[in-house]
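First the structure, in the form of structure tokens, and then the observations on it.
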There are 2 protein chains.
Amino acid sequence: MSQPDTKERILDAAEMLFARDGFHFASLRAITTLAKVNLAAVNYHFGSKEALLEEVFKRRLIPLNEIRQAELERVRDLAESEGRAPRAEEVMAAFIVPTVRFCCQDPQAEHFSTLVGRAIAEPDDTVRNVFIHHIMPLFLLFFDLLQKALPDLDIDTVFWRLHFSMGATTHTMRLIGKPELLPEGLNRNIDIDKLLRDLLAFVTAGVVQ
Amino acid sequence: MSQPDTKERILDAAEMLFARDGFHFASLRAITTLAKVNLAAVNYHFGSKEALLEEVFKRRLIPLNEIRQAELERVRDLAESEGRAPRAEEVMAAFIVPTVRFCCQDPQAEHFSTLVGRAIAEPDDTVRNVFIHHIMPLFLLFFDLLQKALPDLDIDTVFWRLHFSMGATTHTMRLIGKPELLPEGLNRNIDIDKLLRDLLAFVTAGVVQ
DNA sequence: GTCTATACGATGATAGAC
DNA sequence: GTCTATCATCGTATAGAC
């Protein structure tokens, strides 16, 4: 490659402009100008604007998934070594803590969380399947551990309580970095550690009841 | 009006195509073709594509909000007449039950629930802001009642617990009507009444802890 | 007032030369 | 791999028919 960092420069520019202007209003002409590459480079390297968005998304999702997978496996192995079932609170924390922390470590996080929400709601199978393909193995491990933590509940009940918890978590990520959306009279200086404790206490109370 | 239902036909077509394809990929040409009206009719009757989206939302959101408002006021007035604070579970039910039921009662409204799910997750501020603008007054009443129900908690804690509950609810609505997305081994014949009970029990446990 | 036909500028995508 | 030139389609605007 004569320009070995062309793809990276496009990804950086796209991530910045998708975050600042939104997917629709960030034009390929603006992205390629900022990245100092030719307009056609996006379609050459990525195939389409949608595929570029997907790569921007995956660049963050894959490392995050590795962290969450490692945490879930750590909880599973610790419980096994102690000859007990994992505790529901441990399982929830193993997934939720890295998820929320990941979205606070840099200014792009806000957009990443909306991308996750969008992928979940996407009606187009091809786009949604890409997301499902990356999240499903992780979700199944999460689901399996939570079933072990709650052996007295039927599988459907465990699933829906997990689903409720995921909804609470993703909805929360959407608001981090957008404190201007908080109603008047609230503390707009969000304390992430306190928020994480509150969220974990909330979902744990709902999951174990 | 020589075509008294032109606006309604545009709204029906737009609701279906916005839900199926997303706001960005549903073109005005596709919408006006499906509605059997001229392309320019959208800009004549609504002003812009974005204004059309807002009307699509308002047509369903305003009646739904009236139901939810009435339920919240009923809970508030009943508590007042009995000289007590409203109970958290009553407050949560007043909002959540009409919300979930509204999206299951007729096939047209099913498109709306898809739209709401997408609007909240949409990367475009354009789409999300339309939704937030219409839900905010209701949210503030909801918030106020929940503060009265939980007088020992500070305002920020109440807000976040409410926010977690809204996340669980909207995430759940996203899955209703799409049981094919449920993992293998789960009951795909979703029982709305049971689901509502489970969701209410979950958020109530998290809110009151 | 409503509706139609048509045109405009900008966009995402692509073919082909280098 | 990168470029230029070009294309189809997009949202929008407007002139004029009924």
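These numbers come from a predicted model, not from an experiment. Order of the sequence lines sets the chain letters (A, B, ...), proteins ahead of strands, with each chain counted from 1. We use all heavy atoms of the structure for the numbers below, so side chains are in, but hydrogens, waters and symmetry mates are not.
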Between A:Ala41 and A:Arg29, whichever has its closest DNA chain D nucleotide further toward 5' is A:Ala41

Sub-6.0 Å ring centroid separation between A:His171 and B:His171:
no

Quick one: is [X] getting a side-chain N or O under 4.0 Å of the [N] phosphate, OP1 or OP2?
X	N	answer
A:Thr6	D:dT2	yes
B:His45	C:dC3	yes
A:His24	C:dG12	no
B:Tyr44	C:dT2	yes

Minimum-distance nucleotide to [X] side chain [options: [options]]:
X	options	answer
A:Lys49	D:dT2, D:dT12, C:dA13	C:dA13
A:Leu28	D:dT2, D:dT12, C:dG12	C:dG12
A:Ser27	C:dC3, D:dT12, C:dT11	C:dT11
B:Ala40	D:dT2, C:dT11, D:dA13	D:dA13
B:Asn38	D:dT12, C:dA5, C:dT11	C:dA5

Whole-Å distance between [N] [atom2] and [X] [atom1]?
X	N	atom1	atom2	answer
B:Asn43	C:dC8	CG	P	17 Å
B:Arg9	C:dT2	CZ	P	14 Å
B:Ile31	D:dG11	CD1	P	8 Å
B:Leu39	C:dT6	CG	P	13 Å
B:Lys36	C:dT4	NZ	C1'	17 Å
B:Phe25	C:dG12	CZ	P	10 Å
A:Phe46	C:dT14	CZ	C1'	17 Å
B:Lys7	C:dT2	NZ	C1'	12 Å

Kindly give the heavy-atom pair with the smallest separation between B:Pro98 and B:Ala93, and that separation in Å.
CD-O, 3.6 Å

Run the salt-bridge test on A:Glu15 and A:Arg59 with the 4.0 Å N-O cut-off and return the result as yes or no.
yes

So that I can tick it off, tell me whether A:Asp193 and A:Arg101 are bridged by a salt bridge, with the cut-off set at under 4.0 angstrom between side-chain N and carboxylate O.
yes

Does the cation-pi check pass for B:Arg68 over B:Phe95, that is, NZ or CZ under 6.0 Å from the six-membered ring centre and within 45° of its axis?
yes

Is A:Ala51 touching bases, backbone alone, or none of the nucleic acid, heavy atoms closer than 4.0 Å?
nothing

